[in-house]
Every structure is written in C-alpha cells, then in structure tokens.
Peer 1: 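Input: one structure, supplied below.
So you know, we letter chains A, B, ... as the sequences are listed, proteins then strands, and number each from 1.
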2 protein chains.
Amino acid sequence: MSDEPHFLIEEKEKTSDQGKLTLASGEATLEPLELGKRVKEIRLSQNLTLEEASKRTGLARSTLSKIENEQISPTFAAVQKLVQGLGIDIPQLFAKPTEQRAQASGRRDITRLGEGKPHPTPTYEHELLATQLSQKKMIPYRTRVCAHSFSEYQDWVRHDGEEFLFVLSGSVQLYTEFYEPVELHSGDSAYYDCDMGHALVSTSEEDAVVLWVTA
Amino acid sequence: MSDEPHFLIEEKEKTSDQGKLTLASGEATLEPLELGKRVKEIRLSQNLTLEEASKRTGLARSTLSKIENEQISPTFAAVQKLVQGLGIDIPQLFAKPTEQRAQASGRRDITRLGEGKPHPTPTYEHELLATQLSQKKMIPYRTRVCAHSFSEYQDWVRHDGEEFLFVLSGSVQLYTEFYEPVELHSGDSAYYDCDMGHALVSTSEEDAVVLWVTA
DNA sequence: AACAAATATTTCCTATAGGAAACTTCGTAC
DNA sequence: GTACGAAGTTTCCTATAGGAAATATTTGTT
C-alpha cells in the first residue's frame with residue numbers, strides 16, 4: 001500500500017523546505033544585522049528597562065546595551081540567557097521581522113460539494129479540498145473508501161504528521177498498528193499519529209465516505 | 001464577540017508555552033551541554049571532516065573542534081556561520097536530541113457521535129472532539145451554529161492559525177473580513193486564515209451543523 | 001609492527017565579549 | 001535655570017572566543 005499518502009508527503013516537504021529557504025536567504029544577506037534590533041524590540045514590547053532585563057537575564061546592563069546596538073556578537077551562552085530571561089522563543093529571534101509576517105494571512109478558499117480535485121487510488125477515491133491554497137498547515141480531503149477488506153492493502157499506510165478522520169456516511173473499520181480495529185459509524189471520528197500504520201475499509205453495503213484532515 | 005475561539009487560543013498558547021518550557025528546562029539543567037554534541041552529530045551525518053566543515057563555515061578547524069567539545073561557547077556570529085555553512089536549521093540545533101523525538105507517535109483517540117466535550121457559547125454549540133489527546137496539532141470540533149443573523153455578533157472572531165470548515169447539515173453564511181459573504185450548503189467546505197475576522201450564521205430553517213478543524 | 005596520511009585536539013597568541021563603574025542624556029520637580 | 005533621578009551609553013579591564021600552527025590520535029597500508 002504505497003497508494004494513498006504520497007501527495008501528502010510532497011506537500012509537507014514543500015512546506016518545510018520553504019522554511020529553510022527563507023532562513024537561508026536571510027543569512028545570505030550577510031547577516032550581522034537584525035539580532036540587536038530584534039532583542040530591543042522584544043525588550044521594549046515587554047516594557048522592560050535595561051536594568052530589569054539585566055536582572056532577568058543575568059547579563060550586565062552594558063552587555064545588553066552593546067548587544068542591542070550590534071557592538072558585540074553575543075556568546076551562545078549569552079543568547080541562551082537572553083532567551084530564557086525574556087521568554088523569547090528561538091525561531092522568533094532568528095526570523096527577520098519582515099519574514100515574520102511572511103506567514104500568510106487573510107486567505108480564503110471555498111470548495112463546493114464534489115468540486116474538489118480528484119485523486120483516485122485502488123483503495124480510496126480522494127477528493128482534495130481547498131486546493132487553491134498552497135502554503136497551508138492542514139490538508140483536507142473527502143474520501144470514498146472503496147476497499148471492503150483489509151486484504152486489499154499490501155502494507156500499512158504510514159507517513160508523518162497527524163490525522164483527523166470523520167465519517168460522513170456509511171461505516172468503516174479503522175485498522176491501526178498498535179490498537180484493535182474499531183468500527184466507526186456516520187458521525188464518529190478519530191485522531192491519530194500517522195507514523196503508526198493505518199488503513200480504512202468500508203463495512204457498510206455502499207462505500208463509506210469520510211473527511212480526512214492531515215497536519 | 002468574544003465567545004467562540006477562546007478555548008482555541010488557550011490550547012494554542014499551551015502548545016507554544018510547552019515549547020518554551022522544554023527549552024527552559026534545557027536551560028535549567030545549566031545548559032552548556034548539548035550544543036557541541038548536536039553540531040558534531042550533524043557534521044558527521046553529512047560525512048564531513050573538520051577541515052571540510054571549516055571551509056564551508058569559514059571557522060577555523062580548531063574553533064570547530066572546541067565548539068564540538070564544549071570547550072568554548074561560540075559567538076552568535078559563529079553560530080550563524082555554522083548554521084549557514086552546514087545547512088542546519090535553527091530549531092534543529094536548539095532541540096535536544098531527546099526532545100526531538102518528543103513529538104508523540106502511535107497515539108489514537110476515538111470520539112463517538114455526540115460524545116465529544118460540550119462547549120456552549122451564545123452563538124455556537126461546540127462539541128470538542130479527540131479531547132483525550134493533549135499535544136495535538138489540530139483541534140477538531142463539531143459545531144451547531146445557533147446564530148441566524150450576523151447582528152448576533154458584536155465583532156469579528158479573530159485568532160491565529162488556520163481553519164478548515166465543512167458543512168455537515170443545513171446551510172450557513174460564512175462572513176469573512178476581506179471577502180463577500182458566501183453561502184455554504186451541506187458538503188461544501190472552506191479554508192481560511194483565522195486572523196482575518198470571520199463569523200458563521202445558519203441560513204437553513206434548522207441550525208446548521210459544521211465540522212471545524214483549526215491548526 | 002612501523003610508517004604515512006588523514007583527522008582531531010591542544011597550545012599559544014590576538015581579538016573581542018562581558019562586567020563594573022564612570023559618563024551622557026533626557027525628563028521632571030523644585 | 002538648577003538639581004535630581006532614571007534610563008542608556010561608553011570606558012576600561014579581565015576573561016574568554018577564534019585562528020594558526022604544533023602536537024596528538026586515529027586509520028589504513030605494506
């Protein structure tokens with residue numbers, strides 16, 4: 001069963017590559033810039049004086065001042081004190097303010113019933129939803145479960161991420177590697193880690209239809 | 001309208017706090033550990049010698065050696081050279097190898113129809129799904145849309161993340177800040193950025209029921 | 001086993017980060 | 001205006017990071 005989740009994986013890799021790219025290009029601009037400014041922004045946003053920040057981080061006022069004015073390149077140890085003392089999280093620190101806004105906002109995509117992008121496989125007929133949007137955290141799709149027996153799969157489906165499953169019509173048997181199979185009826189749902197083997201078969205007369213969201 | 005998404009936001013904050021906590025605790029153990037080991041792992045995983053790594057990063061062999069053996073705490077500038085030269089991405093560097101595996105796997109949670117955790121508000125009746133799992137990327141819930149007019153909201157719903165919406169029964173009007181309202185019927189779906197104001201009202205006689213997943 | 005080649009570590013020196021205290025700057029009260 | 005306090009910057013000194021070269025260690029070869 002290498003049928004189903006390929007398109008998912010591609011999509012995910014695209015996403016993470018993006019992240020790296022953004023960062024690499026940040027570096028490429030010969031980087032010394034930014035760090036000090038960022039620290040200062042963060043400190044001010046918390047309404048701290050250098051003195052207070054000094055107490056929290058254990059770094060000297062003067063040192064903080066120099067860091068903020070890019071007069072020195074702080075030691076890794078110093079960065080850690082900063083991070084801990086001011087409650088910064090690392091990506092926040094390394095992302096340039098511009099890039100920080102790079103996460104999309106204000107997008108919207110409507111998909112009418114049956115008008116998603118078809119993606120058939122031997123065991124499932126997927127209909128990808130919201131395909132107009134490319135950089136999204138979740139991948140939703142509506143799926144007709146054609147398989148009616150576990151034997152139609154040669155192996156577990158396995159990929160990374162988490163998956164949410166909701167039964168829209170019919171009933172299915174959800175097989176998962178580390179649990180007993182469980183039967184789900186219309187309206188039931190499941191949430192699981194995708195690196196655990198999983199597979200779905202229809203148990204109702206007609207093919208069951210489910211909604212799947214992976215992230 | 002401060003009714004709907006509060007629990008979401010809390011949940012999200014919890015998640016990111018977690019990140020911080022993990023890191024903080026890393027700090028708490030008096031941190032010098034790890035960084036060097038991580039760098040060495042990464043370099044070896046790329047089959048590089050110190051000499052080659054030196055060329056790529058522009059740092060001296062000796063310096064690299066000292067960093068790997070935690071004999072010095074590299075300057076921020078040095079860390080950046082490392083990151084760029086070896087194609088490391090920052091979180092990878094800061095996550096302890098143990099914590100890296102900390103992303104859960106092999107979990108599963110089943111929610112039967114109507115057995116989610118109720119969460120009523122003036123305009124929506126949410127039923128949270130998969131509540132047995134705490135550290136998950138997505139938050140799924142099934143919602144009865146009680147509001148039948150936009151005027152029942154005092155303001156846009158707005159929070160961060162992305163949201164996927166699927167209409168299970170009835171029909172709704174989806175209001176979004178930057179788009180014309182759109183009517184969705186059973187089986188239709190929408191995907192949007194949550195920082196854009198949004199709100200939902202039932203347009204069918206009976207209250208519509210929708211499935212929502214946020215990430 | 002002994003050597004050579006490749007790789008890693010240590011030493012030693014110079015450049016620079018970090019801290020304490022002196023020095024500015026700016027606002028506010030008197 | 002002067003005096004004062006609070007915030008930030010600069011100076012000066014010491015500790016330490018970074019680089020070049022010497023030393024040690026490992027690996028492979030005959």
Peer 1: What integer distance in Å separates B:Glu52:CD from C:dA6:C1'?
Peer 2: 11 Å
Peer 1: Can you list the steps and then say if B:Asp188 with A:Ile110 is a side-chain contact (heavy atoms from CB on, under 4.5 Å)?
Peer 2: CA-CA 8 Å; B:Asp188 292 346; A:Ile110 304 292; 5.6 Å; no
Peer 1: What is the nucleic acid contact for B:Gln71, judged by heavy atoms within less than 4.0 Å: base, sugar-phosphate only, or nothing?
Peer 2: sugar-phosphate
Peer 1: For A:Phe76 and D:dA17, what is the distance between atoms CZ and P respectively, to the nearest whole Å?
Peer 2: 13 Å
Peer 1: Below 4.0 angstrom from OP1 or OP2 of D:dT16, is there any side-chain N or O of B:Ser73?
Peer 2: no
Peer 1: Rounded off to whole Å, could you give me the NZ-to-C1' distance for the A:Lys66 and D:dA7 pair?
Peer 2: 17 Å
Peer 1: Could you check if a side-chain atom of A:Lys137 sits within less than 4.5 angstrom of a side-chain atom of B:Lys137, using non-hydrogen atoms only?
Peer 2: no
Peer 1: Using a 4.0 Å heavy-atom cut-off across all strands, classify B:Thr63 as base, sugar-phosphate, or nothing.
Peer 2: base
Peer 1: Can you tell me how far P of C:dG18 sits from CD of A:Gln80, to the nearest Å?
Peer 2: 13 Å
Peer 1: Please determine, for the side chain of A:Leu50, which listed nucleotide (D:dA22, D:dG19, D:dG8) has the closest atom?
Peer 2: D:dG8
Peer 1: From C-beta outward on B:Leu59, which listed nucleotide comes closest to its side chain: D:dG19, D:dT11, D:dG8?
Peer 2: D:dG19
Peer 1: Less than 4.0 angstrom from a charged side-chain N to a carboxylate O is my criterion; do A:Arg43 and A:Glu68 meet it?
Peer 2: yes
Peer 1: Given D:dA17, is OP1 or OP2 found less than 4.0 Å from the side-chain N or O atoms of A:Thr75?
Peer 2: no
Peer 1: With respect to the side chain of B:Pro74, which nucleotide from D:dT11, D:dA7, D:dG18 is positioned closest?
Peer 2: D:dG18
Peer 1: Tell me whether the rings of B:Tyr192 and B:His198 are parallel (<30°), tilted (30 to 60°) or perpendicular (>60°).
Peer 2: tilted
Peer 1: Under 4.0 Å between a side-chain N or O of B:Asn69 and OP1 or OP2 of C:dA8?
Peer 2: no
Peer 1: Test for a donor-acceptor pair under 3.5 Å between the base of C:dG18 and the side chain of A:Ser62, counting only N and O atoms.
Peer 2: no
Peer 1: What's the closest nucleotide to the side chain of B:Arg61 if the choices are D:dA7, D:dA20, D:dA22?
Peer 2: D:dA22
Peer 1: At under 4.0 Å between heavy atoms, what does B:Leu64 touch on the DNA or RNA strands: base, sugar-phosphate, or nothing?
Peer 2: nothing
Peer 1: Using only heavy-atom distances, decide whether a donor-acceptor pair under 3.5 angstrom links the side-chain of A:Lys81 to the base of C:dG18.
Peer 2: no
Peer 1: Over how many whole Å does the gap from A:Glu70 atom CD to D:dG8 atom P extend?
Peer 2: 17 Å
Peer 1: Round to the nearest Å and state the distance from A:Leu82 atom CG to C:dA17 atom P.
Peer 2: 14 Å
Peer 1: OP1 or OP2 of D:dG8 versus the side-chain N and O atoms of A:Arg43: is any pair under 4.0 Å?
Peer 2: yes
Peer 1: Using the six-membered ring wherever Trp is involved, compare the ring planes of A:Trp156 and A:Phe150 and label them parallel, tilted or perpendicular (cut-offs 30° and 60°).
Peer 2: tilted
Peer 1: Reckon A:Ile72 touches a base, only the sugar-phosphate, or nothing at all at heavy-atom distances under 4.0 Å?
Peer 2: sugar-phosphate
Peer 1: Figure out the CD1/C1' separation between B:Ile67 and D:dT16, and round it to whole Å.
Peer 2: 13 Å
Peer 1: Figure out the CG/P separation between A:Leu35 and C:dA17, and round it to whole Å.
Peer 2: 12 Å
Peer 1: A side-chain contact here means heavy atoms from C-beta on lying under 4.5 Å apart; do B:Phe164 and B:Thr214 qualify?
Peer 2: no
